[in-house]
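Each remark here refers to the structure printed beneath this line.
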Amino acid sequence: MFDTTVAFIRKAFDTTAYIPLHEPHFAGNEKQYLNDCIDSTFVSSVGTFVDRFEQQMASYTGAEYAIATVNGTAALHISLLLANVQPGDEVITQPLTFVATCNAISYCHATPVFVDVDSDTMGLSPQALKAFLQTHCVVENFTCKNRTSNKVIRACVPMHTFGHPCRIDEIKALCDAYHIALVEDAAESLGSTYKGRHTGTFGMLGAVSFNGNKIITGGGGGCILTNDATLAAKAKHISTTAKVPHQWEYTHDSVGYNYRMPNLNAALLVAQLERLDEYVENKRCLAREYEMFFTKSGMRFVTEPLNSRSNYWLNALILPDKAARDRFLEATNAKGVMTRPVWTLMHKLPMFQEAPCAPLKHATWLESRVVNIPSSVRLP
Ligand SMILES: *Cc1c(COP(=O)(O)O)cnc(C)c1O
């Protein structure tokens with residue numbers, strides 16, 4: 001079973017060795033910048049690479065401001081705090097996501113509310129969101145209230161799954177109409193655009209991740225994107241222990257977080273960012289090869305949604321049913337080709353079992369069928 005698929009993937013990656021799902025690629029200025037960083041002695045949260053990285057991220061994505069953080073989860077946490085998420089609030093998100101999205105909501109002592117995804121984008125469905133808002137919510141004093149739970153719905157966090165942009169403009173219009181803050185989880189979609197605009201720049205704030213498995217990595221790292229100068233200043237302030245700038249005095253004007261990206265990680269990232277366009281092209285080329293092969297084989301390969309240009313961070317297949325999915329996972333992993341199922345849906349995890357759920361038809365359907373296949377950049 002799936003012998004031709006395994007053979008095709010081996011040929012695509014030109015190796016008989018184990019093929020991981022996504023490995024980082026370091027062949028540019030990474031070592032040089034790391035050495036420069038070490039020689040400067042500024043290895044921690046102050047340094048020129050962090051500042052350079054922020055400027056380059058802003059210019060790459062077209063966001064007015066980029067604030068570097070220690071990881072993507074921290075970027076989400078700070079974004080939600082700046083969206084004024086209060087203890088006891090509700091935050092709408094999708095059940096088909098990595099746990100970090102919901103962890104960040106929990107750090108604010110808020111509850112996730114799960115709304116379905118679209119089956120083509122695998123990201124939050126504007127149609128499902130609209131149905132949920134119309135059925136359960138009212139706007140009072142410029143605040144959205146869930147009449148069923150009697151809680152405030154403060155924010156909405158859609159996620160661009162595997163790098164494929166969701167219908168973010170329609171989601172934004174709904175959030176605006178209901179006075180809900182839009183925070184994009186763009187952790188997986190650096191390099192992806194929707195209607196020509198970079199993901200992560202549609203909402204009040206957007207969060208990007210540079211974990212080791214993402215399209216570019218600093219070993220770890222994250223970034224907040226925003227077009228709002230006040231929010232950008234606040235993001236930098238509370239992610240750097242809320243220290244009041246002064247030459248020698250140590251004064252802090254609120255509870256802050258030690259969430260600043262270390263300069264060492266930023267050194268790696270400045271080098272990685274220089275290669276990002278090349279990585280996106282390379283990954284899109286692999287996706288085209290996959291698409292041709294799987295179409296010929298009668299298998300369903302996930303392609304970029306309409307109106308978007310995807311970074312194809314993780315390639316995905318949709319198997320006919322759970323049994324076929326399990327056979328696929330068995331056969332490929334047994335032959336040294338790493339594949340994995342999509343995440344267990346968030347509302348099934350013990351800590352989110354009590355969270356409110358809208359109907360989750362598409363997410364449930366996808367959960368038992370979607371697998372990710374090797375997607376690393378193929379460059380010497
Ligand atoms: C990777 C990821 C994150 C978190 O990023 P970290 O840098 O690992 O904290 C958040 N959301 C999604 C959807 C992710 O894939």
Side-chain angles (χ1 to χ4, degrees), residues 21-24 50 53 57 66-81 83 91-108 112 114-115 117 121-124 155-166 168 171 182-192 199-200 203 205-225 235 239 257-262 264-266 268-269 272-273 283 302 310-316 340-347 349 352 363 366-367 370 372 375-376:
L21 198 64
H22 199 289
E23 61 184 351
V50 193
F53 177 64
M57 272 298 289
I67 300 92
T69 58
V70 71
N71 57 49
T73 313
L76 279 168
H77 183 194
I78 297 287
S79 296
L80 290 168
L81 291 172
V91 176
I92 295 172
T93 192
Q94 57 198 64
L96 189 95
T97 185
F98 178 56
V99 70
T101 319
C102 299
N103 282 340
I105 294 168
S106 301
Y107 299 165
C108 301
F114 297 112
V115 172
V117 295
T121 69
M122 297 181 287
L124 189 68
C156 174
V157 190
M159 197 275 279
H160 303 289
T161 306
F162 306 146
H164 300 309
C166 64
I168 193 67
I171 292 167
L182 177 61
V183 172
E184 284 174 83
D185 185 341
E188 306 182 351
S189 63
L190 181 65
S192 301
T199 54
L205 300 136
V208 183
S209 165
F210 308 106
N211 187 32
N213 64 345
K214 297 300 195 312
I215 186 163
I216 61 169
T217 185
C223 182
I224 299 165
L225 302 174
S239 62
Y257 297 85
N258 181 16
Y259 277 178
R260 185 90 177 142
M261 177 189 286
L264 271 176
N265 302 84
L268 263 178
L269 278 166
Q272 289 266 286
L273 207 46
K283 288 166 79 69
V302 177
S310 176
N311 69 359
Y312 280 94
W313 170 56
L314 279 189
N315 290 293
R340 69 167 190 220
V342 72
W343 314 280
T344 298
L345 298 183
M346 292 300 113
H347 68 287
L349 302 181
F352 304 122
L366 289 164
E367 183 195 30
V370 172
N372 290 121
S375 303
S376 307

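All residue numbers refer to positions in the sequence shown, counting from 1. When a ligand or atom number is given, it counts from 1 through the structure's own listing order.
- Outside the 6.0 Å centre-distance limit, the rings of Tyr107 and Tyr257 are not counted as a close aromatic pair.
- Not close to ligand 1: Ala207, with no non-hydrogen atom less than 4.0 angstrom away.
- Taken to the nearest 0.5 Å, the CG atom of Leu205 stands 10.5 Å off from the CD1 atom of Ile78.
- Side-chain atoms of His164 and Ser310 include a donor-acceptor pair closer than 3.5 Å.
- In this structure, CG on Leu190 lies 7.5 Å from OG1 on Thr199, to the nearest 0.5 angstrom.
- Pairing each heavy atom of Met346 with each of Thr97, the nearest pair is CE-O, 2.9 Å.
- Ligand-side atoms of ligand 1 in range of Gly221: 7 (O), range being under 4.0 angstrom from any heavy atom.
- Judged purely by distance below 3.5 Å, without hydrogens or angles, the side chains of Gln94 and Thr161 pair a donor atom with an acceptor atom.
- The minimum heavy-atom distance linking Tyr312 with Val302 is given by the pair CE2-O, 3.8 Å.
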Q) Please walk me through it: do Leu124 and Cys156 pass side chain to side chain contact (heavy atoms under 4.5 Å, CB included)? A) CA-CA 10 Å; Leu124 189 68; Cys156 174; 3.6 Å; yes
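- Among Thr69, Leu81, Asn71, Asp185, the one residue that satisfies the side chain to side chain contact (heavy atoms under 4.5 Å, CB included) test with Leu76 is Asp185.
- For ligand 1, the atoms lying closer than 4.0 Å to a non-hydrogen atom of Thr97 are 13 (C).
- Glu188 OE2, 2.6 Å is the protein heavy atom nearest to atom 15 (O) of ligand 1.
- Looking at ligand 1, you'll find an N or O of Gly72 within less than 3.5 Å of one of its N or O atoms.
- Scanning all protein heavy atoms for the shortest distance to atom 9 (O) of ligand 1 gives Thr73 OG1, 2.5 Å.
- Closest to atom 2 (C) of ligand 1, if we only count protein heavy atoms, is Lys214 NZ, 2.9 Å.
- The distance from ligand 1 to the heavy atoms of Met159 drops below 4.0 Å at these ligand atoms: 13 (C).
- Considering CZ of Phe352 and CG of Asn103, their distance stands at 5.0 Å, rounded to 0.5 Å.
- Residue-ligand proximity, Ala187 to ligand 1, at heavy-atom distances under 4.0 Å covers atoms 2 (C), 3 (C), 10 (C), 11 (N), 12 (C), 14 (C).
- Atoms of ligand 1 found under 4.0 Å from any heavy atom of Asn71 (numbered from 1 in listed order, with element): 7 (O), 9 (O).
- For atom 10 (C) of ligand 1, the closest non-hydrogen atom on the protein side is Ala100 CB, 3.5 Å.
- In terms of protein heavy-atom proximity, atom 5 (O) of ligand 1 is nearest to Ser209 OG, 3.1 Å.
- Contacts of Asp185 with ligand 1, taken as heavy-atom pairs under 4.0 Å, involve the side chain alone.
- No part of Asn213 comes within 4.0 Å of ligand 1, judged by heavy-atom distances.
- Listed by number with element, the atoms of ligand 1 under 4.0 Å from a non-hydrogen atom of Phe98 are 2 (C), 3 (C), 12 (C), 13 (C), 14 (C), 15 (O).
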